[in-house]
Amino acid sequence: MASAQAMGQGEQDHFVLKSGHTIPAVGLGTWRAGSDSAHSVKIAITEAGYRHVDTAAQYGIEKEVGKGLKAAMEAGINRKDLFVTSKLWCTDLVPDKVRPALQNTLKDLQLDYLDLYLIHWPFRLKDGAHMPPEAGEVLEFDMEGVWREMESLVKDGLVKDIGVCNYTVTKLNRLMRSANVPPAVCQMEMHPGWKNDKIFEACKKHGIHVTAYSPLGSSEKNLAHDPAVEKVANKLNKTPGQVLIKWALQRGTSVIPKSSKDERIKENIQVFGWEIPDEDFKVLCSIKDEKRVLTGEELFVNKTHGPYKRASELWDHED
């Protein structure tokens with residue numbers, strides 16, 4: 001695990017998971033990537049040097065991502081050199097839906113296996129649930145039963161590693177009590193405006209690798225415009241985006257910045273061979289006004305009928 005814990009190695013371009021498999025340190029995020037996804041994926045892999053692509057059934061673009069992956073492989077990239085992540089959506093969080101959901105994803109992505117399959121959110125939704133959910137549309141989630149099915153996908157070689165997204169320490173501890181194959185990765189929102197330290201520390205304790213999503217914050221709270229970030233970027237002669245991505249890497253997480261602009265996609269992976277000095281790293285870590293960008297409220301909160309009546313309940317009041 002030494003390499004997974006290594007901090008401050010400018011050249012470290014991957015992390016080692018519990019299973020012994022490696023995860024490339026920077027991946028292309030595809031949430032809200034839209035109809036350009038095939039082009040973005042191909043450019044990222046063939047021109048920018050990405051080997052890690054993160055997507056999800058819920059994004060509605062897996063066929064496009066699949067076209068991009070196929071084009072990259074036709075251009076000479078080996079499948080074994082790529083790391084592809086997808087996610088199991090909330091309407092499929094029932095044991096007998098896990099495998100069919102994965103098979104749909106594999107078909108859309110035109111792949112025989114995934115490198116990583118994650119539970120997208122730990123809440124089960126009724127098919128066709130509204131946003132926000134109406135009465136009776138958030139259902140009971142059999143976490144243990146679903147995880148057993150995820151484990152069987154690993155056993156059958158359809159998935160190399162399994163993991164979770166958007167978990168709390170409480171939910172992670174519950175999963176660890178029953179898992180035969182522990183989660184290899186926990187993917188969470190993390191950036192200097194939401195360091196998410198509690199789950200980060202819990203994952204470290206369990207030897208679970210963390211992938212940071214939304215590393216630049218969001219359109220509502222774009223950290224690229226934060227004065228502290230701009231100051232460090234100017235000092236290092238880097239873009240604010242590169243500084244935020246590098247911050248995630250130096251913290252010990254892999255990171256999946258999303259962009260549909262070719263230039264930005266290429267820029268976002270130019271984060272090796274240089275360091276954020278300690279004093280600047282500390283400045284970024286001390287950015288105040290920490291709060292989540294993605295609360296899950298519109299997906300899971302029904303203020304009248306519940307079962308979750310406010311966003312803090314989704315996060316087990318751990319914030």
Side-chain angles (χ1 to χ4, degrees), residues 1 3-4 14-25 27 30 51-59 62 65-66 69 73 78-124 141-168 171-188 199 202-213 253-254 256:
M1 281 296 289
S3 62
H14 66 275
F15 293 91
V16 181
L17 304 177
K18 275 182 120 154
S19 58
H21 300 132
T22 58
I23 182 169
T30 61
R51 292 295 178 264
H52 175 182
V53 175
D54 180 276
T55 191
Q58 174 62 9
Y59 302 165
E62 289 199 318
V65 171
L69 291 169
M73 288 189 268
N78 274 331
R79 168 66 184 100
K80 67 177 175 53
D81 295 328
L82 294 173
F83 190 101
V84 182
T85 301
S86 186
K87 309 178 192 85
L88 178 68
W89 184 240
C90 303
T91 49
D92 293 318
L93 287 182
V94 193
D96 63 3
K97 286 189 175 184
V98 172
R99 190 169 293 237
L102 171 72
Q103 282 163 337
N104 282 337
T105 277
L106 289 175
K107 187 174 157 218
D108 286 347
L109 293 174
Q110 303 184 55
L111 297 176
D112 298 325
Y113 69 91
L114 283 183
D115 297 275
L116 181 62
Y117 200 36
L118 304 173
I119 290 175
H120 203 152
W121 286 88
F123 307 102
R124 185 181 154 208
F141 168 34
D142 172 11
M143 188 191 292
E144 291 74 14
V146 165
W147 193 254
R148 275 194 297 279
E149 287 303 310
M150 300 274 283
E151 291 174 335
S152 78
L153 301 175
V154 177
K155 189 166 115 312
D156 295 341
L158 293 169
V159 172
K160 285 195 167 183
D161 281 293
I162 50 178
V164 297
C165 285
N166 301 309
Y167 260 51
T168 58
K171 291 184 180 79
L172 187 65
N173 287 339
R174 174 182 159 188
L175 179 59
M176 293 299 288
R177 283 195 289 274
S178 66
N180 295 313
V181 177
V185 172
C186 179
Q187 190 182 115
M188 302 296 295
I199 191 76
C203 287
K204 274 207 273 201
K205 192 180 91 184
H206 290 298
I208 299 167
H209 175 70
V210 175
T211 297
Y213 73 71
T253 66
S254 53
I256 45 172

**OP:** Report the residues that fulfil side chain to side chain donor-acceptor pair (under 3.5 Å) with Asn166, sequence neighbours left out, ordered by chain and then residue number.
**Re:** Tyr213

Original post:
Does a side-chain heavy-atom distance below 4.5 Å link Ile208 with Leu172?
Top reply: yes

Original post:
Which heavy atom in Pro24 sits nearest to a heavy atom in Phe83, and how many Å separate them?
Top reply: CD-CB, 3.5 Å

Original post:
With sequence neighbours excluded, what pairs up with Lys160 under the side chain to side chain donor-acceptor pair (under 3.5 Å) test?
Top reply: none

Original post:
Are Leu93 and His120 side-chain neighbours, meaning at least one heavy-atom pair lies under 4.5 Å?
Top reply: no

**OP:** Please examine the side chains of Trp121 and Trp89, heavy atoms only from C-beta on, and report whether any two atoms are closer than 4.5 Å.
**Re:** yes

**OP:** Would you indicate whether the side-chain heavy atoms of Arg99 and Leu158 approach each other to under 4.5 Å?
**Re:** yes

Original post:
Given side chains that start at C-beta, do those of Val146 and Arg124 come closer than 4.5 Å, heavy atoms only?
Top reply: no

Original post:
What pair of heavy atoms forms the shortest contact from Tyr167 to Pro122, and how long is it?
Top reply: CE1-CB, 3.4 Å

Original post:
Just how far is it from atom CZ of Arg79 to atom OH of Tyr113, taken to the nearest 0.5 Å?
Top reply: 3.5 Å

**OP:** Report the residues that fulfil side-chain contact (heavy atoms from CB on, under 4.5 Å) with Glu149, sequence neighbours left out, ordered by chain and then residue number.
**Re:** Pro95, Val98, Ser152

**OP:** Could you grab the distance from atom CD of Glu151 to atom CG of Asn180, nearest 0.5 Å is fine?
**Re:** 4.5 Å

Subject >> Spatial distance of atom CD1 (Ile256) from atom OG1 (Thr30) [nearest 0.5 Å] >> reply: 8.0 Å

**OP:** Walk me through it: do Leu114 and Leu109 pass the test side-chain contact (heavy atoms from CB on, under 4.5 Å)?
**Re:** CA-CA 9 Å; Leu114 283 183; Leu109 293 174; 3.8 Å; yes

Original post:
Side-chain contact, heavy-atom cut-off 4.5 Å: Leu118 with Thr211?
Top reply: no

Subject >> Test log, rule salt bridge (charged side-chain N to carboxylate O under 4.0 Å, His left out), inputs Asp92 and Lys87 >> reply: CA-CA 10 Å; Asp92 293 318; Lys87 309 178 192 85; over 6 Å; no

Original post:
How long is the gap from OG1 on Thr253 to CD on Gln187, to the nearest 0.5 Å?
Top reply: 10.5 Å

Enumerate donor-acceptor pairs with a distance under 3.5 Å from any side-chain N or O in residues 100-107 to protein atoms, sequence neighbours excluded.
| unit_1 | atom_1 | unit_2 | atom_2 | d |
| --- | --- | --- | --- | --- |
| Thr105 | OG1 | Glu62 | OE1 | 2.7 |

Subject >> Residue list, side-chain contact (heavy atoms from CB on, under 4.5 Å) with Thr168, at least two apart or on another chain >> reply: Thr170, Lys171, Trp315, Asp316, Glu318

Subject >> Note, Gln110 side chain near Leu69 side chain (heavy atom, < 4.5 Å) >> reply: no

Subject >> Whether over 12 other heavy atoms sit under 6.0 Å from Asn78 CG >> reply: yes

Subject >> Taking every non-hydrogen atom, the tightest pair across Ile199 and Cys186 >> reply: CG1-SG, 4.2 Å

**OP:** Hey, could you give me the NE2/NE2 distance between His14 and His52, rounded to the nearest 0.5 Å?
**Re:** 13.5 Å

Original post:
Quick one: NZ on Lys80 to CG on Asp115, what's the gap to the nearest 0.5 Å?
Top reply: 12.0 Å

Subject >> Contacts of Arg174 that satisfy side-chain contact (heavy atoms from CB on, under 4.5 Å) - sequence neighbours left out >> reply: Met143, Glu144, Arg177

Original post:
Pro183 versus Met176: any side-chain heavy-atom pair under 4.5 Å?
Top reply: yes

**OP:** Fit a plane to each ring of His209 and Phe15, take the angle between them on a 0 to 90° scale, and name the class: parallel (under 30°), tilted (30 to 60°) or perpendicular (over 60°).
**Re:** tilted

